[in-house]
Amino acid sequence: MPVELTTLTDGGQPAGRVAAEIATFVSAARESLEGALVLASLLGAQQRGVRVRLLYNVDHPGPIPVPPPPETRPEAIEALPVETRGIAGIPDLMHHKFCVRDGRDVWTGSMNWTEDSWTRQENVVVRVLGAERLAFAFLLAFEELWERGTVEHTGTVEPRPVALDGGASVRPWFTPGHGDALSHRVAKHLGRARRRIRIASPVLTAGPILGTLVEVVNERRCDVAGVVDDTQSDDVFRQWARNGVSAWKIPLLDTIVTVGAFSGKPSTPWSPGGVQDFMHAKVVVADDVSFVGSFNFSRSGERNAENVLEIEDPATADALAGYVDDVRTRYPRATPPAARAVAGHAGLRSVRKNPGA
């Protein structure tokens, strides 16, 4: 395939295997590494004379609908013998997980470079090698963040398609500059799908995506299935119910999850220092088009600094759809809080009608 994929599952691979894969990518650098991530392997590259520049997120926002990214210690990162730049993210996160090698190879996806991400979470890594135009787009996005030092007004790189070997193509999307357009782009492909839709995302809250998906599942246009993080999705339902502004989304997501074949991972609720075993993959497959990256397909994702690859390639779509199907078989059916409440009330009414049952 012109696109290389590595898929991770909870408990499916040792940390050493993932670390070795990262080390292989980093150790092949000869001139430069620009990354929105942290790992000791970068230091080895710097010692070989490779120019290493590193972006990292600082200033986590207040309450958000998903757990914050892994904590960074700015003082420790700034002490590294490489060029670094902290990116202030109030109210938005610098949520990228990409690396550009020698101006021609791209590593991206949903995986943070931490041990829990490698061993306890579902994640997808994407590598596209030798695609200089794609790498150039990522370098432009990197430079925007490097120069500004904040998330705001970045992600403005135009999502131009890049042809790959074998007839495949890839289009890089960056947010927040193209956040709204990205959600509408995903929604358009979902609406056009006639064979299959596969989704893996911790949460689903972007309005255009919800509106299109609820039409697709209600009209039974195609086979729709996926997996979410049940713990995080429950939190989203509760937040919508409390704030009222987004309450209109509740019946949409409820219908999508219950009518579509969606599973939900019962992950451990987030806590400082606790295990982070979230369903963390971010994948949408619509027929033979795939969207994969760091973007959560959520309203908050539209405002973060994120990236997504839109890939037109049947083989990549088949591989990612198969991965989603494998992950969703590992977990029980997703049950939104609203559906559970309805089921609970129905059960209560049944007991009252048949107290001796």
Residues [X], [Y]: salt bridge by 4.0 Å N-O rule:
X    : Y    : value
D230 : R333 : no
R221 : E215 : yes
E83  : R51  : yes

* Partner residues of Y331 under the ring-ring contact (aromatic ring centres under 6.0 Å, His included) criterion, sequence neighbours left out -> none
* No-hydrogen, no-angle side-chain donor-acceptor test under 3.5 Å, D277 and T268 ->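 Result is yes, a qualifying pair exists.
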* Asked: Can you list the steps and then say if V170 with V3 is a side-chain contact (heavy atoms from CB on, under 4.5 Å)?
  -> CA-CA 9 Å; V170 59; V3 176; 5.6 Å; no
Backbone N/O of [Y] and side chain of [X]: donor-acceptor pair under 3.5 Å:
X    : Y    : answer
D254 : I250 : no
R101 : L129 : no
S298 : G301 : yes
S267 : T231 : no
E132 : G103 : no
D229 : M279 : yes
Q13  : T9   : yes
S233 : P202 : yes
Q46  : P81  : yes
Y323 : L8   : yes

Could you pull out the closest heavy-atom pair between [X] and [Y], with the gap in Å?
X    : Y    : value
S246 : W240 : CB-CD1, 3.4 Å
D313 : P2   : OD2-CD, 4.3 Å
D102 : A28  : OD2-O, 3.8 Å
H95  : K282 : CE1-CE, 4.3 Å
A135 : V100 : CB-CG1, 4.0 Å
F237 : P337 : CD1-CD, 3.4 Å

Are [X] and [Y] packed together at the side-chain level, in the sense that at least one heavy-atom pair is separated by less than 4.5 angstrom?
X    : Y    : value
L210 : L253 : yes
I87  : Y56  : no
L5   : V125 : no
R328 : F262 : no
T24  : I22  : no
E122 : K265 : yes
V284 : L190 : yes
W107 : E21  : yes

* Asked: Is it true that V275 and W113 fall in one hydrophobic cluster, defined by side-chain heavy atoms closer than 4.5 Å?
  ->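 No, it is not one cluster - the side chains of V275 and W113 are not joined through contacts under 4.5 Å.
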* Within 45° of the six-membered ring axis of W146 and under 6.0 Å from that ring's centre, is NZ or CZ of R53 located there? -> yes
* Asked: Is the NZ or CZ atom of R127 both under 6.0 Å from the centre of the six-membered ring of F25 and within 45° of that ring's axis?
  -> no
Could you measure the distance from the [atom1] atom of [X] to the [atom2] atom of [Y]? Nearest 0.5 Å is fine.
X    : Y    : atom1 : atom2 : value
L93  : N304 : CG    : CG    : 4.5 Å
E312 : L164 : CD    : CG    : 10.5 Å
R194 : D223 : CZ    : CG    : 14.0 Å
F98  : M111 : CZ    : CE    : 14.5 Å
L252 : L213 : CG    : CG    : 9.5 Å
T108 : L134 : OG1   : CG    : 9.0 Å

* **CA sep, side-chain torsions, deciding dist, call: R198, D318, salt bridge (Lys or Arg N to Asp or Glu O under 4.0 Å)** => CA-CA 10 Å; R198 292 293 184 269; D318 288 346; over 6 Å; no
For atom [atom1] of [X], is the number of surrounding heavy atoms from other residues, nucleotides or ligands below 6.0 Å larger than 12?
X    : atom1 : result
E158 : CD    : yes
D165 : CG    : no
R195 : CZ    : yes

* To do: Using the side-chain hydrogen bond (donor to acceptor under 3.5 Å, both in side chains) rule, pick out the option among D116, N123, D10, N296 that qualifies with H280.
  =>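 Running side-chain hydrogen bond (donor to acceptor under 3.5 Å, both in side chains) over D116, N123, D10, N296 with H280 returns exactly one hit, N123.
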N/O donor to acceptor pairs below 3.5 angstrom from side-chain atoms of residues 176-189, sequence neighbours left out:
| unit_1 | atom_1 | unit_2 | atom_2 | d |
| --- | --- | --- | --- | --- |
| H178 | NE2 | T156 | O | 3.3 |
| H178 | NE2 | V157 | O | 3.2 |
| D180 | OD1 | R299 | NH1 | 3.1 |
| S183 | OG | E302 | OE2 | 2.5 |
| R185 | NE | E310 | OE1 | 3.0 |
| R185 | NE | E310 | OE2 | 3.3 |
| R185 | NH2 | E310 | OE2 | 2.9 |
| H189 | NE2 | E310 | OE2 | 3.4 |

* Asked: With ring centroids as reference points, do F174 and F138 lie under 6.0 angstrom apart?
  -> yes
* To do: Might you work through the side chain to side chain donor-acceptor pair (under 3.5 Å) test for E306 and S294, ending with a clear yes or no?
  => CA-CA 6 Å; E306 310 264 15; S294 65; 2.7 Å; yes
* Asked: When you look at V216 and V224, which way does the side-chain contact (heavy atoms from CB on, under 4.5 Å) test go after all the steps?
  -> CA-CA 8 Å; V216 171; V224 180; 3.8 Å; yes
* For V124 and V126, run side-chain contact (heavy atoms from CB on, under 4.5 Å): C-alpha distance rounded to whole Å, both residues' side-chain angles, the deciding distance at 0.1 Å, then the answer. => CA-CA 7 Å; V124 176; V126 185; 4.2 Å; yes
* To do: Determine, stepwise, if the pair I197 / C222 fulfils side-chain contact (heavy atoms from CB on, under 4.5 Å).
  => CA-CA 7 Å; I197 289 174; C222 65; 3.8 Å; yes
